[in-house]
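Keep in mind that what you see is a predicted model, and the values were worked out from it rather than measured.
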Amino acid sequence: MTDNKVSKREDYISWDEYFMGVAKLTAERSKDPNSQVGACIVSADHRILSMGYNGFPMGCPDDEYPWDREGDELSVKYTYVTHAELNAILNFRGGTATLAGATLYVTLFPCNECAKAIIQTGIKQVIYGSDKYSGLASTIASKRMFDSAGVAYRQYEPSGRKVEISL
């Protein structure tokens, strides 16, 4: 009798890789021609609670509102777009669950307005992809509020492995 015991696979992706991958895939739903941001909210037991991406609110047709980045306040997208993090929070349908203690995976570090919503919902950790606006007051304010409220944050560190989805 030979001992040909089969072992589990060792090259599976980590939870961080999995959920950041979901956030990145969710970002692909955004119609914004310049910035596609995705977010995925996850419970402490690794269950996806909600997802969101940046875009216009429901009922506001994306071909009737501006995608411009420069101009007067009523002719630029920033006045109208809902950020991915806030969309994920608003998309949460909860049932008996809450967002308290959850982790938010997001492809871009949250602005100060999203940070307020993150804190208010009880999300306790933010794992982000890019911090390209780290020098802006809105990002500095986010980090200051996260520090005060006890919300941990760290940048996602990819393993270097490229995961492709093909069917």
Side-chain angles (χ1 to χ4, degrees), residues 16-43 48-94 97-100 102-158 162-165:
D16 278 359
E17 289 170 311
Y18 178 67
F19 295 126
M20 188 58 78
V22 170
K24 287 179 180 180
L25 186 61
T26 302
E28 292 298 315
R29 285 288 307 143
S30 174
K31 296 176 184 173
D32 190 317
N34 298 298
S35 300
Q36 299 81 45
V37 181
C40 179
I41 303 174
V42 181
S43 68
I48 294 174
L49 299 173
S50 188
M51 296 172 288
Y53 55 90
N54 59 312
F56 296 121
M58 289 189 313
C60 297
D62 51 44
D63 51 359
E64 294 180 18
Y65 284 84
W67 289 109
D68 298 305
R69 294 168 26 161
E70 295 179 17
D72 68 83
E73 198 170 2
L74 293 177
S75 64
V76 294
K77 66 180 180 175
Y78 305 111
T79 306
Y80 306 100
V81 167
T82 304
H83 289 181
E85 306 92 324
L86 186 56
N87 261 333
I89 289 168
L90 296 172
N91 288 338
F92 176 64
R93 295 295 180 251
T98 71
L99 297 179
T103 297
L104 171 73
Y105 288 83
V106 63
T107 58
L108 182 64
F109 196 89
C111 73
N112 61 309
E113 293 301 319
C114 290
K116 294 173 193 176
I118 290 164
I119 292 165
Q120 287 297 95
T121 59
I123 291 171
K124 284 299 178 192
Q125 181 173 218
V126 174
I127 300 173
Y128 60 93
S130 172
D131 195 9
K132 71 179 181 177
Y133 299 115
S134 62
L136 294 183
S138 64
T139 303
I140 294 167
S142 295
K143 291 176 181 178
R144 185 176 181 187
M145 287 187 287
F146 285 160
D147 290 342
S148 292
V151 176
Y153 53 92
R154 65 176 168 84
Q155 190 160 22
Y156 167 70
E157 296 192 25
K162 185 173 182 176
V163 178
E164 292 188 29
I165 301 170

Quiz prompt | 4.5 Å side-chain heavy-atom contact, E73 and Y78 | solution = no
Quiz item: Is it true that atom CE of M20 has more than 12 heavy atoms of other residues, nucleotides or ligands lying nearer than 6.0 Å?
Solution: yes
Practice problem: Can you measure from CZ (F92) to CG (N87) and round to the nearest 0.5 angstrom? | Solution: 15.0 Å
Quiz item: Does D72 use its side chain to pair, donor to acceptor, with the backbone of L74 at less than 3.5 Å?
Solution: yes
Practice problem: Please report the closest heavy-atom contact between A27 and Y53, naming both atoms and the distance. | Solution: CA-CB, 4.4 Å
Quiz item: Closest heavy-atom contact between G52 and A84?
Solution: O-CB, 3.6 Å
Quiz item: So do the side chains of K132 and L108 get within less than 4.5 Å of each other, counting heavy atoms only?
Solution: yes
Quiz item: Under 3.5 Å, is there a donor-acceptor pair between the side chain of T107 and the main chain of G38?
Solution: yes
Quiz prompt | Beyond-backbone contact of K143 with S134, side-chain heavy atoms, under 4.5 angstrom | solution = yes
Quiz item: Between the side chain of D131 and the main-chain N/O of F109, is any donor-acceptor distance below 3.5 Å?
Solution: no
Quiz item: What is the ring orientation for Y128 with Y153, classed by angle as parallel under 30°, tilted 30 to 60°, or perpendicular over 60°?
Solution: tilted
Quiz item: Atom OH of Y65 and atom OH of Y80: how far apart are they, to the nearest 0.5 Å?
Solution: 7.0 Å
Practice problem: Provide the closest heavy-atom pair for V42 versus L49 in the form atom of the first, atom of the second, distance. | Solution: C-CD1, 4.1 Å
Self-check item: Inter-residue atom distance W67.CH2 - S35.OG, 0.5 Å rounding
Solution: 10.0 Å
Quiz item: Which pair of non-hydrogen atoms, one from I119 and one from A149, has the smallest distance, and what is that distance?
Solution: CG2-CB, 3.7 Å
Quiz item: What distance do T26 atom OG1 and Y105 atom OH have between them, rounded to the nearest 0.5 Å?
Solution: 13.5 Å
Quiz item: Does atom CD of Q155 have more than 12 heavy-atom neighbours from other groups under 6.0 Å away?
Solution: yes
Quiz item: Out of curiosity, D32 CG to K77 NZ, how far, rounded to the nearest 0.5 Å?
Solution: 3.0 Å
Quiz item: Can you tell me if S30 uses its side chain to pair, donor with acceptor, with the backbone of G55 under 3.5 Å?
Solution: no
Practice problem: State, to 0.1 Å, how close G135 and I140 come at their nearest heavy-atom pair, and which atoms those are. | Solution: O-CD1, 3.7 Å
Practice problem: Please name the pair of heavy atoms, one in Q36 and one in P33, separated by the smallest distance, quoted to 0.1 Å. | Solution: NE2-C, 3.8 Å
Quiz item: When you measure from the side chain of T139 to the backbone N and O of Y133, does any donor-acceptor pair fall under 3.5 Å?
Solution: yes
Quiz prompt | Check: Q125 main-chain N/O paired with T103 side-chain donor or acceptor under 3.5 Å | solution = no
Quiz item: What is the distance from atom CG of L86 to atom CG of N54, rounded to the nearest 0.5 Å?
Solution: 11.5 Å
Self-check item: side-chain contact (heavy atoms from CB on, under 4.5 Å) between M58 and L90, intermediate numbers included
Solution: CA-CA 11 Å; M58 289 189 313; L90 296 172; over 6 Å; no
